Amino acid sequence: MEKILNGVNRIVEYIVSLLLIVMVIVVFLQVIFRFVLHSSLPWSEEVSRYILIWISFLGASIGVKRGAHIGVEVVTNILPRKIKKVVAFLATLFATVFFAIMVVYGHRILGIVSSQLSPAMEISMGIPYSAIFISGVLMFVYSVEQALAIVTGRKGEAR
């Protein structure tokens, strides 16, 4: 299971990299069109905004997989090893519950906005909003993997 999730995360990292490249190109083109050609691309701001949303949410899932999200370790560093493990498990459990809520409400939001169209490109608003649901699923699965790793001893107090 760990190899599959590592592969999924690698794919997500490539997607985020590709999205970043596309966003840079779109913003660069908008600058060229606006200031050099004195015309603007009506869809560029919307595309870059939606890409940024996807990069942010998918990047958050990468952070969960790597255990790279910010945390306060001042208190946990002074705790005994066994208590550190319990605290790490509880923190992961709370995160897992949050991600489950994110998945549920992300799915509900998709049902509401999928019939709406974006102003400039007239695409379904389900496309940008699906970032919440998809990244929530990824973060939920990654945090379950971390919780299992803590319980089985494959991963100690580190998240």
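Only a predicted model underlies this, so the values are computations on that prediction, with no experimental measurement involved. Nothing fancy with the numbering, it's 1 onward along the sequence.
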Shortest non-hydrogen separation from Ala120 to Pro42 and the atoms involved: CB-O, 3.5 Å
Residue list, side chain to side chain contact (heavy atoms under 4.5 Å, CB included) with Pro80, at least two apart or on another chain: Ile83
Spatial distance of atom CG (Leu90) from atom OG1 (Thr96) [nearest 0.5 Å]: 11.0 Å
Distance-minimising heavy-atom pair for Ser135 and Met102: OG-CE, 3.5 Å
Hphob cluster co-occupancy, Ile32 + Ile25, side-chain heavy atoms under 4.5 angstrom: yes
Residue that, paired with Phe57, satisfies side-chain contact (heavy atoms from CB on, under 4.5 Å) out of Ile132, Leu52, Leu138: Ile132
Same apolar cluster (I L V M F W Y, side chains within < 4.5 Å links), Val141/Val104: no
Which atom of Lys85 lies closest to which atom of Ile150, heavy atoms considered: CE-O, 2.8 Å
Polar side-chain atom of Gln146 near backbone of Thr92 as donor-acceptor pair, under 3.5 Å: no
Partner residues of Ser48 under the side chain to side chain donor-acceptor pair (under 3.5 Å) criterion, sequence neighbours left out: none
Side-chain donor/acceptor of Ser124 to backbone N/O of Gly126, under 3.5 Å: yes
Val8 side chain near Tyr142 side chain, heavy-atom distance below 4.5 Å: yes
Point-to-point distance, once rounded to the nearest 0.5 Å, from CD1 of Ile15 to CD1 of Ile134: 9.0 Å
Side chain Trp54, main chain Ser130, donor-acceptor under 3.5 Å: no
Interatomic spacing from CG in Leu41 to CZ in Phe33 - rounded to 0.5 Å: 4.5 Å
All pairs passing salt bridge (charged side-chain N to carboxylate O under 4.0 Å, His left out) where residues 87-113 contributes a residue, at least two apart: none
Transitive ILVMFWY side-chain link Val151 to Leu79, under 4.5 Å: no
Heavy-atom side-chain contact between Tyr105 and Ile101 under 4.5 Å: yes
Tyr129: ring pair (Phe, Tyr, Trp, His ring centres under 6.0 Å) partners, not counting sequence neighbours: none
Shortest non-hydrogen contact between Pro119 and Tyr50, atoms and distance: CD-OH, 4.3 Å
Selection residues 135-150 - residue pairs positive for salt bridge (charged side-chain N to carboxylate O under 4.0 Å, His left out), sequence neighbours left out: Lys65-Glu145
Interatomic spacing from OG in Ser40 to CG in Leu29 - rounded to 0.5 Å: 12.5 Å
Cluster link Phe28 to Leu19, ILVMFWY, side chain under 4.5 Å: yes
Phe140 and Val64, any side-chain heavy atoms less than 4.5 Å apart: no
Hydrophobic cluster (4.5 angstrom, side-chain heavy atoms) - remaining members for Phe35: Val31
Short side-chain to backbone donor-acceptor contact, Gln116 and Met125, under 3.5 Å: no
Stepwise side-chain contact (heavy atoms from CB on, under 4.5 Å) check, Phe98 with Met139: CA-CA 10 Å; Phe98 175 78; Met139 289 187 274; over 6 Å; no
With Glu122 via side chain to side chain donor-acceptor pair (under 3.5 Å) - residues at least two apart: none
Where at least one partner belongs to residues 24-34, residue pairs that pass side-chain hydrogen bond (donor to acceptor under 3.5 Å, both in side chains), sequence neighbours excluded: Gln30-Ser44
Salt bridge (charged side-chain N to carboxylate O under 4.0 Å, His left out) contacts in which one or both residues fall within residues 91-100, not counting sequence neighbours: none
Nearest heavy atoms of Ser118 and Glu46, plus distance in Å: OG-OE2, 2.7 Å
By side chain to side chain donor-acceptor pair (under 3.5 Å) - contacts of Arg49 (at least two apart): Glu45
Heavy-atom closest pair, residues Ile51 and Met23: CG2-CB, 3.7 Å
Results of side chain to side chain contact (heavy atoms under 4.5 Å, CB included) for Val16 - residues two or more places apart only: Val12, Ile55, Leu58, Ile62
Residue pairs fulfilling side-chain hydrogen bond (donor to acceptor under 3.5 Å, both in side chains) with at least one residue in residues 10-26, sequence neighbours excluded: Asn9-Glu13, Glu13-Arg66
